[in-house]
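Worksheet: the structure to be examined is printed underneath.
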Amino acid sequence: MTRFLFSLILLASISLSAQQLKSPSEFLGYELGTQFTRHHEVVDYYEYLAESAPDRVQLTVYGKTNERRPLILAYVSSAENLANLETIRQEHLKDTEGAGNSSKAIVWLSYNVHGNESVSTEASMKTIYELLTKKSSYLENTVVIMDPCINPDGRDRYSNWYNQYKNTPYQVDPNSKEHHEGWWSGRSNHYMFDLNRDWAWLTQIESQQRLKMFNQWLPHVHVDFHEQGVNSPYYFAPAAEPYHEVITDFQRDFQVTLGRNHAKYFDANGWFYFTKEVFDLLYPSYGDTYPIYNGAIGMTYEQGGSGQAGLGIVTAIGDTLTLKDRIAHHFTTGLSTVEVSSQNAEKLNQEFREFHQNKDFKYKSYVLKGKKNKLDALKSLLEKHNIEYGDLTSGSYKGHSYGSGSNGSLSINKNGMVVSTDQPKGTLVKVLFEPNAKLSDSLTYDITAWSLPYAYGLDAIASTSAIASQNTQETVPSSNIASGSYAYLTDWNSMDDARFLAALLKEGIRVRKADHPFTIEGRSFERGTLIITKGDNENKEDFIPTLQSIATKFKKDITSTGTGFVDSGKDFGSSSIQMISKPKIAVLSGGPTSTLRFGEIWHFFEQQLHYPLTVIDDEYADRVDLYEYDVLVLPDGRYGNYFNEDELTELKGWVRKGGKIIAMGGSIDALDGEKGFGIQKKKLEETENDENTPQPYKDWERERIKGAITGAIFKTKVDNSNPLAYGYGSDYFSLKLGSSAYQYLDNGNAVYLEQNTKPFSGFAGAEARKKISESLIFGIENHGRGQVIYMVDNPLFRGFWENGKLFFANAIFMVD
Ligand SMILES: [Zn+2]
């Protein structure tokens, strides 16, 4: 009886607080869907809910964006569950080790990863309110974790822009300014990175901070809410082919279970939707695939709308799509997801445990070796993913060799490591490390290759046997610098070295570089070795302590020499031992440039190299005096004939007098051919043997991809006597993102493809492979005292191709 009474009181108090809770519209003071809610107002509403119903909503601030906006998570569940949240979490995580007995469903809803797909955050407020009121029964066996906005900087960029330009009342005519956001759109984050391509690479602070939280929970179900073009019907699970082969039958089936439930609601309302098309499950860095490879049912839901839609817009068929419609759809699928998860909590738990049993993948271990700081870079990524690894100090290992693409062996005498698939994150290990992801279909939405040993420039084999790690004692590099030495030497082959150099230059320490190999006091040094002499820095105050502290910070091994007299090579006083200048760098933004490709350069300088750059926008670039800068970076984009004849003449004059252009991707087209620079675009010759049979219209898409490369990895040749390639070996695995190809330069080909153009990993169409045969990847063209550096492939792509970044650093510091 007492128990019954107690329940009654509890029930009464719950329904009382439900009555008292304000809906988003009541709280915000306007009807939801009639305005875009700014991020701080969204945070206010979530805080209000956590204060008003603290037994059922808990808020966590898990970080801050680049522009200092808070990143928040709301835990929503029954009072009983929330009181035991930590126990539920720990019990759930035991399931990843096969030891748990958890019964609660864990559902994670992520909103607004793309800032201008801004309905999501609005829908999240309506969803949490409904879960706390009418749909609270779902929460009895379910914990819902809501991230109302993954990308607040981008979302506020969009909503502030919209509020500035909108008509009053809003104008549904698609020609009105409020439907044309412009170059600096709100889709990406502060650094113009696409956060829905960053889950695996974690280059951005939003992703890094979020993933710490994600790994604390590893939900059963994860939804990433998006928007697509205004004319598209709603998209929900099941996803399109290709599916990565690691995706389990249950993960496939449950997408269908969820999709059918969503369809029930959409059918009842007469809303349009589609499934099984466009959005595939392969590339591991999405908000659907990444959770899948961690055991969840990961899904993308797409509403029609995005930055073009505003508060209302006329669609192609003459209907008006409003923000209220868009909210209703995301709200419906969000709730339906929680409903289905709650109904299937037991199954979800059982299958989650099953997922984490050892999968017995073909390759049991990945063995890697390489320079210590390259291994360290990979280890740091693995740690962020909670992937376990071990060190190897000796032994010879057999398996699939990444370097040759066939069977081989790898001998280790130091600096080795092993990553095994027999661990809770085993599936993710397979996906990130395997040499070649199996493609069930080559029509995919994104790149088809990303294998980490290639991306990090490490020698590796994939082994079918389980290899145990060996104990090592970390040797701390001795950066004890003897003051009074003639010179200090250090090698050049990683981004750590580039950061070290950038820090020295910023401190005003003068640094020289070796353009020839040399030996001194019995030790050998390669091209690109940094030479810091006492003589150059005589007038630098605190020279030794400053050098010491920077060397310690970047874990640099410094060799002190008592002489500048080399055993072989050039003495340090030789005129061929050049001083490295401290270049002033400008990058073009806006206009023809791609926002994402521009952002990669911006982020590289500020967050990776820590070196200043000036952003010059296309709007006023013609009024800027180029002679104030040493380097002009032209990001990839659609340039065509971007420069007129006068501008080309001016550019050439500036280069001849010592300026340096770094032309990336599509910007090369602004310089090629008759425009006075030496680079020539390759065209595909018509070969006579090609089939001449007309292809059926239904196959046009498949025909088209013969000419395409969808992000594939190629082995290229490297001339490491070229300053653009200092620090590299004789070959380099390049991630090719398209089939644009340029002929070899007369001189200065630093990295290039030879005749054999079969990709080591990923998809390349037959015609595309012909076209890129014998083509340039990276090269230098000298003009007078300056240079044009061509980067056909993009070493900064999404910030994750770690082994390519030194090419960019070379372009800045080594090429002169
Ligand atoms: Zn999106």
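These figures come from a predicted structure and were not determined experimentally. Counting starts at 1 for both ligands and their atoms, following the listed order. Residue numbers run from 1 in the order of the sequence given. Because only heavy atoms are used, hydrogens play no part in the values below, and waters and symmetry mates are left out as well, while side chains stay in.
Salt bridge Arg155/Glu41: absent, no basic N to carboxylate O contact under 4.0 Å. Salt-bridge check for Asp194 with Arg187: passed, with a basic side-chain N closer than 4.0 Å to an acidic carboxylate O. Ion pairing of Asp147 with Arg210 is absent here, as no side-chain N (NZ or NE/NH1/NH2) approaches a carboxylate O to less than 4.0 Å.
The atom name of the N/O/S atom in Glu117 closest to the Zn ion (ligand 1) is OE1. Among heteroatoms of the N, O or S kind in His226, ND1 lies nearest the Zn ion (ligand 1). Restricting His114 to its N/O/S atoms, the shortest distance to the Zn ion (ligand 1) is reached by ND1.
For the pair His330 (side chain) and His226 (backbone), a donor-acceptor distance under 3.5 Å is present.
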